[in-house]
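Data first, discussion second: the structure below is written as structure tokens.
The sequence lines fix the lettering, A, B, ..., with proteins before strands; numbering per chain opens at 1. Only a predicted model underlies this, so the values are computations on that prediction, with no experimental measurement involved. Every heavy atom of this structure was used, including side-chain atoms; hydrogens, water molecules and symmetry mates were not.
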Number of protein chains: 2
Amino acid sequence: MAKATKKSTPEKRSPHQEQLIYERIFDVILDHKLAPGARLTEEALGEIFGVSRTIIRRVLLRLSHEGVVEIKPNRGASVTSTPVADVAQFFEARRVIEGAIMRMAAGRANIYEIDDLRSLVAEEKRYYESRTRGKGLRTSNEVHFRIAALARNEPLADMARQLISRTALIIAQYQDAAQSACAYCDHAALIDALEAGDPDKAEALMLEHIGHIHSTLHLSEESPAVDLFEIFSDEQE
Amino acid sequence: MAKATKKSTPEKRSPHQEQLIYERIFDVILDHKLAPGARLTEEALGEIFGVSRTIIRRVLLRLSHEGVVEIKPNRGASVTSTPVADVAQFFEARRVIEGAIMRMAAGRANIYEIDDLRSLVAEEKRYYESRTRGKGLRTSNEVHFRIAALARNEPLADMARQLISRTALIIAQYQDAAQSACAYCDHAALIDALEAGDPDKAEALMLEHIGHIHSTLHLSEESPAVDLFEIFSDEQE
DNA sequence: GAATTTAGGATTGTATACAACCAAACTGAA
DNA sequence: TTCAGTTTGGTTGTATACAATCCTAAATTC
């Protein structure tokens, strides 16, 4: 039994430890350290995070509801592998929802929200230039999340969040790290359109942007399998 | 302790008992036997369904993810009560998604799917005429679910399902049982448009239909009687 | 009598024990 | 060797015990 594990602080009932574990696992998946198809055993994850299977089980359930992992009865959880044939549907769905969101959000953002968005895009640019793929991808997601919030429609923003997360998984699976398109260029234009308050242009730019992302994917082949302890070991000792 | 409980068959590991419990609870909520705000204690539900809190907990977690139930930390679960101010957002979101779905589904359904839909609407009509509200509402949902499937876009259909379920809860909360609009009239027209393969008309009819439902709600009376301060605010001290 | 404290009961949160299950290695006969 | 059946190790599924927390209401204080 490899004991190169590091447990988190053994706090009693920390309210968001579950959220933390959720994010750690999701991050590792987006960083492509856990490839699609990789198995996620409850015992191992529990040991890694210093927590019982009960918690891990809830986290996995949540991840599965988001479509990030698949749970098969009596067979456990593994990172979702999206068939090539399904990819287009996700991007089409994003066009529908985020297109509408742009229409609704145009001209509704105040100056602070616009500024926040711009600095976020600047941050995104730095990550991409320093080739930290996972971070860049997550920051890019955050940009889309915040734009979704500007439509002032919670349910629709929820839908967008789900699709964006799910799509990030697809991008991690099919996009070549080197050739990750300069998402931040498109993003700047999107924000400009929102500020200008032009719904038609805002929507058109988003449709185009989503098309760009889609077109950078290498829809051919994939995937290995790995050791959980090793993957999580380079983080906090 | 009332022992008038009926347990399901005490099978060992029945795979969909969880699904069954999920549906039972949801049904009861749609039938308005559990009003918004009603608490759902794990122990009681476990005893009712002859199952341990572990299972109930998972069901409640799922219901909460669908937005049907709210879980507050250390406080347990209760039926979600949607504030009047939020209602419009849900219907707007449905317009966006189901409008797009109608465009995509127009002309794509084969004759069997159309037939199935029509017989489902006939069933719906019977339920409404016999004043069995819950059943009627659920059948109406089923019509929308199936239409969503016709767009041949799984992710979008998923989004639609979530919104439709969530909206059903809102309808149960705000719609007068007697005056429940004849949803099936609209439904028949929707199906006709799908069969004819006219995307513009299909979309327009769906937008109109959703508007109809929205307009039948009694949004003036604040039935979510949870906030005591609001309730007593306009009375004498 | 009103406000604060404190005790009790009820409910949720987490860990763990054990049963059920699957998959892959093993056995032995054709 | 090959194929059924069997065993075994590891993993998931469920129930339960106990700890942490919250809610109610009685009790104490002012």
| side chain to side chain donor-acceptor pair (under 3.5 Å) partners for B:R39, two or more places apart | none
Solution key, residues 87-97 of chain A side-chain donor-acceptor pairs under 3.5 Å, sequence neighbours excluded:
{"from": "A:Q89", "atom 1": "OE1", "to": "B:E154", "atom 2": "N", "distance (Å)": "3.0"}
{"from": "A:Q89", "atom 1": "NE2", "to": "B:R152", "atom 2": "O", "distance (Å)": "3.3"}
{"from": "A:E92", "atom 1": "OE1", "to": "A:R95", "atom 2": "NH1", "distance (Å)": "2.8"}
{"from": "A:R94", "atom 1": "NE", "to": "A:E98", "atom 2": "OE2", "distance (Å)": "2.5"}
{"from": "A:R94", "atom 1": "NH2", "to": "A:E98", "atom 2": "OE2", "distance (Å)": "2.8"}
{"from": "A:R94", "atom 1": "NH2", "to": "A:H144", "atom 2": "ND1", "distance (Å)": "3.2"}

| field | Under the salt bridge (Lys or Arg N to Asp or Glu O under 4.0 Å) test, residues paired with B:E23 that sit two or more places apart | value | none
| task | Salt-bridge test for B:R53 and B:E43: reply yes if a basic N is under 4.0 Å from a carboxylate O, no otherwise. | result | no
For nucleotides 9-11 of chain D, give me every protein contact, N/O to N/O, under 3.5 Å, one pair per line with atom names.
none

| remark: Here the distance between atom P of D:dT12 and atom CZ of B:R58, to the nearest Å, is 13 Å
All N/O pairs under 3.5 Å across the protein-nucleotides 15-17 of chain D interface:
{"from": "D:dA15", "atom 1": "OP2", "to": "B:S52", "atom 2": "N", "distance (Å)": "3.0"}
{"from": "D:dA15", "atom 1": "OP2", "to": "B:S52", "atom 2": "OG", "distance (Å)": "2.8"}
{"from": "D:dA15", "atom 1": "N7", "to": "B:T54", "atom 2": "OG1", "distance (Å)": "2.6"}

| query | Does A:R166 pair with A:E66 as a salt bridge, N-O distance under 4.0 Å? | reply | no
| query | Within 45° of the six-membered ring axis of B:F49 and under 6.0 Å from that ring's centre, is NZ or CZ of B:R24 located there? | reply | no
| task | Look up atom CD in B:E70 and atom CG in B:L40, then write down how far apart they are to the nearest 0.5 Å. | result | 11.0 Å
| field | side chain to side chain donor-acceptor pair (under 3.5 Å) partners of A:D27, counting only residues at least two apart | value | A:R138
| request: Round to the nearest Å and state the distance from B:I71 atom CD1 to C:dT12 atom P. | output: 10 Å
